Asks: 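Supplied in structure tokens, the structure appears directly below.
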Amino acid sequence: MEKETGSTVLMEEKLSMGEDKVGVVQIADGVVAMIAALAATEVEGVSCMAGNITNEMISRVGVKKLSKCVRVAVSERKVKVDLALTMEYGYSIPATCHQVQAKVKAAIENMTGLDCSDVNIRIAGVKVR
């Protein structure tokens with residue numbers, strides 16, 4: 001069972017050890033956004049998130065700064081992600097975007113247990129070395 005409350009998803013699940021409900025797991029949308037941003041910036045060819053937010057900076061800038069380059073919508077255990085990326089010059093945009101989509105989808109599904117239905121990417125710029 002899942003309830004959506006503002007920017008937090010509540011997941012109520014019974015543990016496999018028994019039928020007793022132990023508690024509720026809450027995953028904030030900002031956590032899902034951070035997972036998506038970190039996964040995206042790990043792909044070769046992605047310079048940074050739009051706004052020059054690099055992988056090293058993501059944990060320090062906070063969710064408010066990420067909201068300019070990552071949008072997450074969670075409903076009915078499905079996640080839709082919109083990313084704005086800056087690419088490095090010389091990389092294939094379609095191939096790199098496909099890798100980003102696969103990596104973001106896998107990271108969200110593995111870490112949260114939610115189904116990632118869409119990963120939409122907007123290329124906001126190209127960085128020339």
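For clarity, every value in this text was computed on a predicted model and none was experimentally measured. Residues take their numbers from the sequence shown, with the count starting at 1.
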Asks: Side-chain contact test, heavy atoms from C-beta onward, threshold under 4.5 Å: evaluate it for Tyr89 versus Lys127 and give yes or no.
Replies: no
Asks: How far does CG of Asp29 sit from CZ of Arg71, to the nearest 0.5 angstrom?
Replies: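 Those atoms lie 12.5 Å apart.
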Asks: Side chain to side chain contact (heavy atoms under 4.5 Å, CB included) with Cys116: which residues, sequence neighbours excluded?
Replies: Val81, Lys105, Ile108, Glu109, Val119
Asks: Run the side chain to side chain contact (heavy atoms under 4.5 Å, CB included) test against Asp118 and tell me which residues pass, sequence neighbours left out.
Replies: Lys80, Asn120
Asks: What are the two closest heavy atoms between Val70 and Ala36, and how far apart are they?
Replies: CG1-CB, 4.4 Å
Asks: Heavy atoms only: give me the nearest Ala50-Thr86 pair and the separation to one decimal.
Replies: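 So the two residues come closest at CA-OG1, 4.0 Å.
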Asks: With sequence neighbours left out, what residues match Ala40 under side chain to side chain contact (heavy atoms under 4.5 Å, CB included)?
Replies: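 Once residues adjacent in sequence are excluded, the partners of Ala40 under the side chain to side chain contact (heavy atoms under 4.5 Å, CB included) criterion are Met49, Leu83, Leu85, Val100, Val104.
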Asks: What are the two closest heavy atoms between Lys103 and Glu42, and how far apart are they?
Replies: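 Nearest pair, atom of Lys103 first, then Glu42: CE-OE1, 3.0 Å.
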Asks: Looking at residues at least two apart in the chain, or sitting in another chain, which of them share a side chain to side chain contact (heavy atoms under 4.5 Å, CB included) with Arg122?
Replies: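 Expected list: Ala84, Ala124.
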Asks: With a 3.5 Å distance limit and no angle check, can you tell me whether Thr96 reaches the backbone of Ile93 through a side-chain donor-acceptor pair?
Replies: no
Asks: With rounding to the nearest 0.5 Å, note down the distance linking CG in Asp82 to SG in Cys69.
Replies: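 So the CG of Asp82 and the SG of Cys69 are separated by 11.5 Å.
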Asks: Would Glu88 and Val126 count as a side chain to side chain contact (heavy atoms under 4.5 Å, CB included) if you check the C-alpha gap in whole Å, the side-chain angles of each, and the deciding distance to 0.1 Å?
Replies: CA-CA 6 Å; Glu88 290 183 14; Val126 175; over 6 Å; no
Asks: Applying side-chain hydrogen bond (donor to acceptor under 3.5 Å, both in side chains), name anything that partners Asp115, two or more places apart in sequence or on another chain.
Replies: Lys78
